[in-house]
Protein chains: 2
Amino acid sequence: MTAGNGPAAASGAGDTLAAVVRQWKAVHPDLDTGPMEVIGRINRCAALLQQAEDAPLRHAGLTRPEFDLLGALRRTGLELTPGDLIRETFSSGAAVTKRLKQLTERGLVERRGDTRDRRVAHVRLTDAGRDLVDGILPEQLAYETGVLSGVDDDGQRELAALLGELLVQLEGRLRTPRG
Amino acid sequence: MTAGNGPAAASGAGDTLAAVVRQWKAVHPDLDTGPMEVIGRINRCAALLQQAEDAPLRHAGLTRPEFDLLGALRRTGLELTPGDLIRETFSSGAAVTKRLKQLTERGLVERRGDTRDRRVAHVRLTDAGRDLVDGILPEQLAYETGVLSGVDDDGQRELAALLGELLVQLEGRLRTPRG
DNA sequence: AGCAGGTGTTTTACTCGTGAAAGATATTGC
DNA sequence: GCAATATCTTTCACGAGTAAAACACCTGCT
């Protein structure tokens, strides 16, 4: 969030961000807290979702970034190079290297060198890796459906649309993913 | 995101999540990707915002969690115990201890022991700490206003409201913040 | 051919956060 | 009063991510 978050306590109605915003308004009444209400909530949602979603994955012995990597391989259906995976998962090169090492040792992915360009490697899912992803994904989506059940279908569509708008802006603004 | 994200490439229209969802649908046509469209976008927005927002803070030599801690002290206007800060910033005890050590060394916060209960400490902002927060916060909010400028005011209100709804659900569902 | 510079990947050194255990003090029940 | 237990905070050992440098290899120029 923009400016620290946290619940002063379970303060009656509203989410924790509402309480935080109230506190800031009391200290700096002239401040425009509008952006905080959006960005703060996005960050807090993300944090809580991560804690929650880690549960189904942890059950399979995977971290989210590991699952993202496997998922990228599964959904493209192709062999990907480490460079591709860096771009697909928005991770640093070092992180991808470490994850590939781990996942290879666990027999979930395999590597082979490129015949033409011996700098590059090609990574693909093993059968075990593919089965693992295919097994986890439905559980994950079912769990998420439950998490979102408090928001009705129209609300979910609206949310997805608005976040998509914002995302286009952010993705345009923030050239220079990583290295 | 629920299941790996990433841009297959700059695939025409829509954000990167749209491309990811298309890929999944091609591989698992029967999958209900609805939750992914919401949760994936929340996570991706959070990731991008963090990268972006770190810039103004980094300029002041602060990480976001450090700023969150200072912000909690500033907006409550009170002395807080480490325990309070754990709850306010949703961090682990170990993390708060480390941050307090750093921030104390930098002269941004001060500690004193409790007279009654010698287990607890009380932390408050120094003048320098208060000035730093008051200096950064407007910059931060101005930056965020710019980031959100692609979404009109009604959209922002709608977004804040929907995220608030979701947040209430998540906060209710996820008892057991940390330790 | 040979080298200058670019690209793909890994290694290195380091920071930060975490869970579990320890440490220090309060509180409760006998 | 004193052991048993609970609470607040810090320490420890470790895993994971990062930036920057190193490495390995290709490409284009001369």
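Every chain is numbered from 1 and lettered A, B, ... according to where its sequence line falls, protein lines coming before strand lines.
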Checking [X] now: which residues fulfil side-chain contact (heavy atoms from CB on, under 4.5 Å) with it, not counting sequence neighbours?
| X | value |
| --- | --- |
| B/Ala60 | B/Leu132, B/Ile136 |
| A/Asp154 | A/Asp152, A/Arg157 |
| B/Asp114 | B/Arg116, B/Asp117, B/Val120, B/His122 |

So, is B/Arg87 near the phosphate of D/dT9, with a side-chain N or O under 4.0 Å from OP1 or OP2?
-> no

Distance below 4.0 Å between A/Ser92 side-chain N/O and D/dT18 OP1 or OP2 | yes

Can you name the residues that form a side-chain hydrogen bond (donor to acceptor under 3.5 Å, both in side chains) with A/Glu165, not counting sequence neighbours?
-> none

What residues, two or more places apart in sequence or in another chain, satisfy side-chain hydrogen bond (donor to acceptor under 3.5 Å, both in side chains) together with B/Arg58?
-> none

Listed nucleotide nearest any side-chain atom of [X], set [options]:
| X | options | answer |
| --- | --- | --- |
| A/Thr97 | D/dT9, C/dT10, C/dG17 | C/dT10 |
| B/Arg111 | C/dT9, D/dT18, D/dT10 | D/dT10 |
| A/Thr81 | C/dT9, C/dT10, D/dT10 | C/dT9 |

Looking at DNA chain D, which of residues 112-121 of chain B put a heavy atom within less than 4.0 Å of it?
-> B/Arg119, B/Val120, B/Ala121

Identify whether any heavy atom of B/Lys101 sits under 4.0 Å from a base atom; if not, whether one sits that close to sugar-phosphate; answer base, sugar-phosphate or nothing.
-> nothing

Between C1' of D/dT9 and NZ of B/Lys98, the distance in whole Å | 14 Å

Take atom CD of B/Gln50 and atom C1' of C/dG17, then tell me their distance rounded to the nearest Å.
-> 13 Å

Map A/Pro65 and B/Leu100 onto DNA chain D by nearest heavy atom, then report which one ends up closer to the 5' terminus.
-> B/Leu100

First encountered from the 5' end of DNA chain D, between A/Arg99 and B/His122 = B/His122

So which heavy atom on A/Leu70 is nearest to which on A/Leu62, and how close?
-> CD1-CD1, 3.9 Å

